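Accompanying notes for the structure given below.
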Amino acid sequence: MLIVMKAGATQKDVERVIETIESLGFRPHSMPGAGRTAIGITGNQGSVDPAHFENLPSVADAIRVTKPYKLISKDLRPEKSIVKVGNATIGGAELAIIAGPCAVENAEQVFSVAKAVSKSGAKFFRGGAFKPRTSPYAFQGMGEDGLKILADVREQFGLNIVTEAMDEAGVDLVEKYGDCIQIGARNMQNFSLLKYVGQTRKPVLLKRGLSATLDEFLLAAEYIMAEGNYEVILCERGIRTFAAHARNTMDLSIVPAVQRMSHLPIIVDPSHGTGRNYMVKPMARAGVAVGADGLIIEVHPQPEEALCDGAQALTPIQYLELVRQVTAIYEALSLAEENQIEFNTKEAIVA
Ligand code: PEP
Ligand code: MN
């Protein structure tokens, strides 16, 4: 059930609805929006009787939700969510660029990339201290020491830190040192981990699972939000298909598909989405053109020596050129949207 408040509802009216939901033993999720506040209800097994709410002050409507998701949905919040990450935002008017190495290897490597990222005007820095590697013998990440290097990057460059946690202990550490908790593709359906990050108050970058459908992806976000953390950013990072010319198949059509159903921002990852250095820039351009709210890009000072994902890493110079190009595309798109022509279909056809 979803309770939609009238435009002029006071805080007291909203609180009355929240108390009613709690008195029924359910959980309220209040989502203030530009035009109205809506309150989602979770924790109910069967349907909730709308009569509990219909006569409360300033309640416009009590709507039954028939879809499997409630909180990610545009029904709850028709306008786009803007997620605050450190001192910047994702999902607003600016294209968000998150860049940095796949893995934190040492301070020198990280700082040389951070310099380029800062110079590019990006506001977010990435780098894994806990790496989910296919082989147990591959470099697993520097752990807490790596997070300390990332915290130094924030200190020196003012960049906001996005970094992966693979388990609960990792979440506690990322909360301490970072600005945004990344949940990797392999953990997209680690439901207990999703619930755990849902209880933190740090934004979460949720990457799409290797073979996740749109519904599975959105329901993973729903897990986080159902715990009370509404600061979720989705990330398309490519899925497994029969195609062997790239590491993954970057599924760009999921961007408009998500935007049709959800208020959550979605970014794309052309680095993991392709796995090939030469494909990163063209697919980043495509990601921006399709309407993504941002990009996450892997950069390494010497890709051939990277301890992780070297084949898809851009050099700092290649990265700066990518930012130049995607910025131009983003600006052209914003301009095109501003100047949108309202076509009367019939007139347009006969003209
Ligand atoms: C990463 O961002 O370095 C990473 C491991 O990504 P994914 O979970 O998408 O594979
Ligand atoms: Mn990587």
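Predicted model, so just to flag it, every value in this text is computed and none were measured. When a ligand or atom number is given, it counts from 1 through the structure's own listing order.
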Margin query: Checking side-chain polar atoms at under 3.5 Å, does E305 have a donor or acceptor matched by the opposite partner on H300?
Written below: no
Margin query: Do N44 and T42 pair up side chain to side chain, a donor and an acceptor below 3.5 Å, judged on atom types alone?
Written below: no
Margin query: Ignoring hydrogens and geometry beyond distance, is a side-chain donor-acceptor pair present between D309 and H272 at under 3.5 Å?
Written below: yes
Next item on the list: Answer with yes or no whether the side chains of Q312 and R247 bring together a donor and an acceptor at under 3.5 Å.
Entry: yes
Margin query: Would you say that S211 contacts I239 through its side chain, given a criterion of any heavy-atom pair below 4.5 Å between the two side chains?
Written below: no
Notebook entry, point to check: Would you say the side chain of K84 lies within less than 4.5 Å of the side chain of I90, judging by non-hydrogen atoms?
Noted result: no
Checklist line | Short N/O/S contact of C102 with the Mn ion (ligand 2) (below 2.8 Å) | finding: yes
Notebook entry, point to check: How wide is the angle at the Mn ion (ligand 2) between OD2 of D309 and NE2 of H272, to the nearest 10°?
Noted result: 90°
Next item on the list: Compute whether any side-chain donor of one residue and acceptor of the other, for Y319 and S120, lie under 3.5 angstrom apart.
Entry: yes
Next item on the list: State the atom name: nearest N, O or S atom of E298 to the Mn ion (ligand 2).
Entry: OE2
Next item on the list: Heavy-atom cut-off of under 4.0 Å around ligand 1: list whichever protein residues fall inside it, by chain and number.
Entry: C102, R126, K131, P132, E164, Q182, G184, A185, R186, K207, R237, H272, E298
